[in-house]
Amino acid sequence: MNIYGAMNTAKWALLANQTGIEVTGQNIANVNNTDYTRQDVNMQAQFPVNQGNHFIGTGVTIAGVTRRFDQFLFNQRLENNFNLNQWQARSSLMDRMDVIMNEATGAGVNNQMSQFFQGFYNLAINPSGATERRDVVEKGKGLALKVSYVASELKRMRKDVDLKVTGAIPEVNRISREIADLNKVIHETETNGAVANDYRDRREGLIKQMSNLVDVSYFEQSNGEVSVMMKNGRPLAVGQDTFTLSTTQNASDPETSSVYWADSAGNRVNITGEIAGGQMGAWMAMRDTDVTKALNDLDSLSGSIIKEVNRLHNGGFGIDGSTGNNFFNGLTPGGRAAALNKGTGTIGAGSILNPDNVNTDHFRLTFDGAGNYTVRNMDKGATEGTFAYSAGTPITFFQDRGFSISISGAPQAGDFFDISAVHNSAFTMGMNTTAQNDLNKIAAGGTQQWGDGSVAEKIATLQYAKAMGGAWTAAGPVSSATFTSTSGIYTFNDFYGAVVGGVGASSKAAKDGQKMQEAVANQLGNLREQVSGVALDEEMVNLVKFQRAYQAAAKTITTVDEMVQTLLAIK
Amino acid sequence: MFRITNQMMYNNSLINMYRQNEGMFNASEQISSGKRVNKPSDDPLAIGEIMQYQTRLDRNDRYTIIAQKARGYLGTSESLVASATDAASRALELSMSQASANATPQTRLTTAAEIDNLIAQAIQIGNSKIGSDFIFGGRRTNDAPVTAAGYYTGDHTSLQSDISEGATIGSSVLASEFLTADLNPRLNGATLLSSLRGGAGVTAGTFTITDRAGAAGTVNVTAGMTVAGLIAGINASGANVTASIAADGMGIQIKDNNTSTVTGPLVIANGSGAAASEMGLAGSRSVTSFKSDDLNPALTASTLISDLSGGTGMTLSNISVVNGSASATVSFAGASTIGDVINAINASGTNVTAALNPTSNALTVTSNNAATVAFANDIGSGKTAERLGVGGGRNLIASLQKLSAALKGNDVKAIAGLMENFSSAVNTSTALRGEIGARMNRVDTTSTQLEQSKADTTTLLSNAQDADMAKAISDFALLQTAYQATAKATASIIQPSLIDFLR
């Protein structure tokens, strides 16, 4: 080996350590990039040359620049991320519901209810008083306004959440597209043996972004491309292809949109019920379960108040001798077709058959594939039987419950319809215009006598009547016989208290869930930082290390140069 | 080796400071609002309790106001009934003195003038008002309950006040309980439509019924029709409804039988005449069953004794009828109708005529001889004469009128005999005052309970809702200290780096 061999070895050292400084520089530059994975330079000795009875090394080479990446940890963080996002989204929406239904300040529905019944007490004491009549009308309007305000806030919330869902769909599609594009770049880059570290960081960042929105999992193929799919198994990006999501507004329930997934042939499949995690999962659950439940409960409350007050008011007499007037506008049955329905079933118009003894419970009709449907009382949690349905033939249901409603079209297996006689009654609650505009038509008495306040008194005592939650019988309304009936379970007040308490408890649970996931995220984040994070002190040490090595290699060259000069000086 | 990277240090410091900030925010919210529960999620269990207590307090306030008003009505009623007692005692005194041998026709004539004043006073008491409402006419507060001739035209149910949950008291009494009687019969199938509405009757004509499924029918109301006839007419009208006499006997109940095909409300409208609206049937209703107005049937000769007093009926005991020197004990054995009662009195041989009074709600007994005054007394502890309206007790006005006539006619027998009627009138009104006093007592006791319950509930509400200030403030101070320490530690941990030491 000649003298320049050593010079050559030093040259390799210069190059290798220069790469080391470059990589350290890249690490330092990305110290605040949360998706960045720390990179290491792998140095390796060059193959030695055989000098007869011994080998001499020929320097160092860069075997590769590798990422300190822990695949298992990343999978854990992905799982945690969509859980965390789900709880965060849920918690912030629950917070909003908490505020909408806030009763702690004493100015909520409960207070209005109390005032309303007090108005009737006042009327019962002075049945012919114009002031008391005016007051009852104002309190009635006040109650209706407050209930419909809460209902409209909940409906708006439902719509807002739905807008979030529809707004997130293009984002999911964009991320799928970018992942597919990166798959192509990584595939091409790595064909010649290099590792596309920074592209991979970027791709993992995108997968994590995707997991903010939906519950995704992924796996890598041997060519370096990844397949990303939702937990339900529907792929979003496979290699260089993507599968797009889209939404369509639900005709029977305009506040919701159904989410569709298109397969490779472009066929749209309704996957609304299948998304369970990430922000989308939280939004869908809030929209289709929590807010809907609160609305239904509010409907039960307002529907029962409307039914009971109207029944009594109808039987009373105004001081003009008129009778048969409603106090509130009557009920109209209706329902919602679930957003996840795959069939073409629609809900038709309904009518109240027996206003003073209509069943105010909520019912769910779930269809199986064979043209049968099962009726479930959602308020009592009891299944009421399975009945045959012939697709395409409208059928009128519930005549025996004091109302009727029809379903037509061809529902598919798993489709369900939530129907009730009190549907939307909270939102539409309002005073009957006849009673509102003519104070003399407010029925305070059971007779035409001016001093008869018996009906007003009966309406007032409804406040303490256990008028809700009781078993419904076809024979008569549960609370009609006596107004301190024990056949019901809740007073209006108890019932609403339970609704508000339920929302509060859900909100608290969501906050707790969020806190727990945050703690896990923090823990996992620390673990990731331990493996993949950039520590500046460490990088500074590396910088010094490479700098010194570079200096030493340069010194080797100087030394060899001096040796050559020594040689040249031999004359 | 455990690697601690820069990100880890920043994140940890931030998370800890966020957590402490959140704690301080919650503590300061409690301190500034003074409440532990500011929204349902702060304590989901307490929120139900808070709502319950707030409602209970509202209810309490309401009952307090009702109790005050009831007490006002009862207080006024009590003093007015006391004036009636005074009038009865004065009449007793006067009848006593004028029945004595010292009295002369001249003094009796003078005394008659005073009695006439007492009559006017009694009628005035009966027609007393609080504000614009007549208080002795029951629920009929808009019309004077006692006519100028001294007969009752008011309602048969007193004003009712709910003074606490499930506790209702009558906050007024009726003029018919101490001034002038009211027999208040209930409806019966045989009751004539012409006797309804206090005898004003129902105009003949037609009305239409359209049931909730849209089937319509017409009902004819004819002169001389009975309630049973009207019910049969409604049931046969073609509309799918069933009519019956309501359970309380004072009105007609109509029930729509449709259960499956409903297209609209149940509509009843006047055809020719105004029969439907006169009975309180006219209207458009969405309910399936309702009751007419209180039809207030007038007394007729065919009214059953068992239908009196709103259907509770009465037991007839013997009464004594006096007319001049003639007197007789009348037994009502076997009498089942008002007609039988009238006949029994007329057959007493005392030359009297019993008849329905002008407002058709009680009886009168008059002498057939212009020179004598006829009257009746109860025998023993019976109340028959009093309740029928012919003598004593609650018939103060009638007794005064008879005394006035007896004084003017110098009928000493009647003057002496009426003494008994006045002493029973004093007893009746005194007993009524006692009852009013008892009701006032009940109102007072309830008011005290309401006050106590208000104080208790306020304490409970405060326990459930209010913040423990000492705890909230010390929590806040503790968190503040922790926050300051974290901030300081963060500042000193983030600053030094190897960069500072490499030159």
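In what follows, every chain begins at residue 1, and chains take the letters A, B, ... in the order their sequences are listed. Just so it is clear, the values below take in all heavy atoms, side chains as well, and ignore hydrogens, waters and symmetry mates.
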Between Leu281(B) and Ile268(B) the two heavy atoms that sit nearest each other are O-CB, 3.5 Å
Honestly, the part of Ser292(B) sitting under 4.5 Å from a heavy atom of chain A is backbone
Next on the checklist: Check whether Phe116(A) forms a cation-pi arrangement with Lys139(A) (NZ or CZ under 6.0 Å from the six-membered ring centre, at most 45° off the ring normal).
Outcome noted: no
Honestly, the part of Ile66(B) sitting under 4.5 Å from a heavy atom of chain A is both
Cut-off 4.5 Å, heavy atoms of chain A, and the answer for Asp58(B) is both
Okay, Val500(A) and chain B: the region with an atom under 4.5 Å from a heavy atom over there is both
Under 4.5 Å to a heavy atom of chain A? For Thr168(B) that would be side chain
Okay, Ile352(A) and chain B: the region with an atom under 4.5 Å from a heavy atom over there is backbone
Whatever's closer than 4.5 Å to a heavy atom in chain B on Val499(A) counts as neither
If one checks every heavy atom of Ser128(A) against chain B at 4.5 Å, the contacting part turns out to be side chain
So, the part of Asn33(A) with a heavy atom under 4.5 Å from chain B: the answer is backbone
Honestly, the part of Glu22(B) sitting under 4.5 Å from a heavy atom of chain A is side chain
Item to check | Heavy atoms of other groups near Gln547(A) CD, more than 12 under 6.0 Å | outcome: yes
Closest heavy-atom pair, Asn38(B) versus Ser33(B), reported as atoms and distance to 0.1 Å, is OD1-OG, 3.0 Å
Indicate yes or no for a side-chain donor-acceptor contact from Arg3(B) to the backbone of Gly533(A) under 3.5 Å, with no hydrogens or angles considered.
-> yes
Whatever's closer than 4.5 Å to a heavy atom in chain B on Asp98(A) counts as both
N/O donor-acceptor pair under 3.5 Å between Arg197(B) side chain and Pro297(B) backbone: no
Heaviest contributor of heavy-atom pairs below 4.5 Å to chain B, chosen from Glu539(A), Met113(A), Arg38(A), Glu518(A), is Arg38(A)
Nearest heavy-atom approach of Pro355(A) to Lys307(A) is O-CG, 3.5 Å
Exercise. Is the backbone N or O of Pro145(B) less than 3.5 Å from a side-chain atom of Thr153(B), with the two atoms forming a donor-acceptor pair by type?
Worked result: yes
Whatever's closer than 4.5 Å to a heavy atom in chain B on Arg528(A) counts as neither
For Tyr121(A), does the six-membered ring have the charged nitrogen or CZ of Arg62(B) within the cation-pi criterion, i.e. under 6.0 angstrom from the centroid and within 45° of the normal?
no
Discussion item. Under the criterion side-chain hydrogen bond (donor to acceptor under 3.5 Å, both in side chains), I'd like the reasoning laid out for Asn110(A) against Thr55(B): C-alpha separation, chi angles, the key distance, then a yes or no.
Written reply: CA-CA 8 Å; Asn110(A) 191 45; Thr55(B) 309; 3.3 Å; yes
Cut-off 4.5 Å, heavy atoms of chain B, and the answer for Ser404(A) is neither
So, the part of Arg140(B) with a heavy atom under 4.5 Å from chain A: the answer is both
| query | Does any donor atom in the side chain of Thr288(B) or Asp256(B) lie under 3.5 Å from an acceptor atom in the other side chain? | reply | no
For this session: May I ask you to check whether Ser171(B) and Ser161(B) show a side-chain donor-acceptor distance below 3.5 Å?
Result: yes
Ranking Val503(A), Asn310(A), Asn122(A), Asp494(A) by heavy-atom pairs under 4.5 Å to chain B gives rank one to Asn122(A)
Pair count under 4.5 Å, heavy atoms only, with chain A: among Asn258(B), Asp293(B), Asn296(B), Asp294(B), highest is Asp293(B)
Under 4.5 Å to a heavy atom of chain A? For Leu266(B) that would be neither
Bottom line for Gln118(A): the part with an atom under 4.5 Å from chain B's heavy atoms is both
If one checks every heavy atom of Arg59(B) against chain A at 4.5 Å, the contacting part turns out to be both
- Item | Check: Asn11(B)/Asn522(A) side-chain N/O donor and acceptor closer than 3.5 Å | no
Practice prompt. Inspect the surroundings of CZ in Arg96(A) and state if more than 12 heavy atoms from other residues, nucleotides or ligands are less than 6.0 Å away.
Written response: yes
Turns out that what part of Phe403(A) lies under 4.5 Å from chain B's heavy atoms comes down to neither
Under 4.5 Å to a heavy atom of chain A? For Tyr73(B) that would be neither
Turns out that what part of Gln463(A) lies under 4.5 Å from chain B's heavy atoms comes down to side chain
